[in-house]
Amino acid sequence: MDTRRQVEEWLQHSRRIVEDVLPGLLDERDELMRRALNAEDEVTRLTERAATLRDELARSKSEHEALLRRHTEIAESMGHAMAQLTQVFEPMKRMLGEAPPSS
């Protein structure tokens, strides 16, 4: 009889595990799987976003460098133009400085 009672206790204990514990574990497993899949999707999305941002940064850097080059070219052109204007106006300035004041 002792063995029969042990088997009955084991069956009751097993039934409690199957009815009470197992559903909770399966729900928890399903929730963890859902969260893992969501995290995987988020990693994919963030990876794609990072690649897009890297491309935008490279494009912006290239545009910035082109603008700096253009700015330098404009500044140099302005410097040359100012030098030429100075050469043009210098003789006129001397001529005006040497002319007698009109009375």
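Numbers for residues simply follow the sequence, beginning at 1.
Summarising the geometry, atom CG belonging to L57 is positioned 11.0 Å from atom OG belonging to S62; distances are rounded to the nearest 0.5 Å. Expressed to the nearest 0.5 Å, how far CD of E56 lies from CZ of R49 amounts to 6.0 Å. Annotation: the span from M33 atom CE to N38 atom CG amounts to 12.0 Å, rounded to 0.5 Å. Here the CD-CZ distance, from E73 to R70, works out to 5.5 Å after rounding to the nearest 0.5 Å. If you take CG on L37 and CZ on R35, they are separated by 12.0 Å, rounding to the nearest 0.5 Å. Between the CG atom of L25 and the CG atom of D20 there is a distance of 11.0 Å, given to the nearest 0.5 Å.
Listed by chain and residue number, R15 satisfy the salt bridge (charged side-chain N to carboxylate O under 4.0 Å, His left out) test with E19 (two or more places apart in sequence, or in another chain).
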- Could you go through the salt bridge (charged side-chain N to carboxylate O under 4.0 Å, His left out) check for R45 and E48 one step at a time? CA-CA 5 Å; R45 187 186 69 77; E48 291 169 356; over 6 Å; no
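Using a 4.5 Å cut-off on side-chain heavy atoms (C-beta onward), L68 and H64 make contact. By the 4.5 Å heavy-atom criterion applied to side chains, R16 and H13 are counted as neighbours. Using a 4.5 Å heavy-atom cutoff, the side chains of R34 and E31 are in contact.
No salt bridge links E63 with R59; every basic N to acidic carboxylate O contact stays at or beyond 4.0 Å.
Open room surrounds CD on E40; 12 or fewer heavy atoms of other groups in view lie less than 6.0 Å from it.
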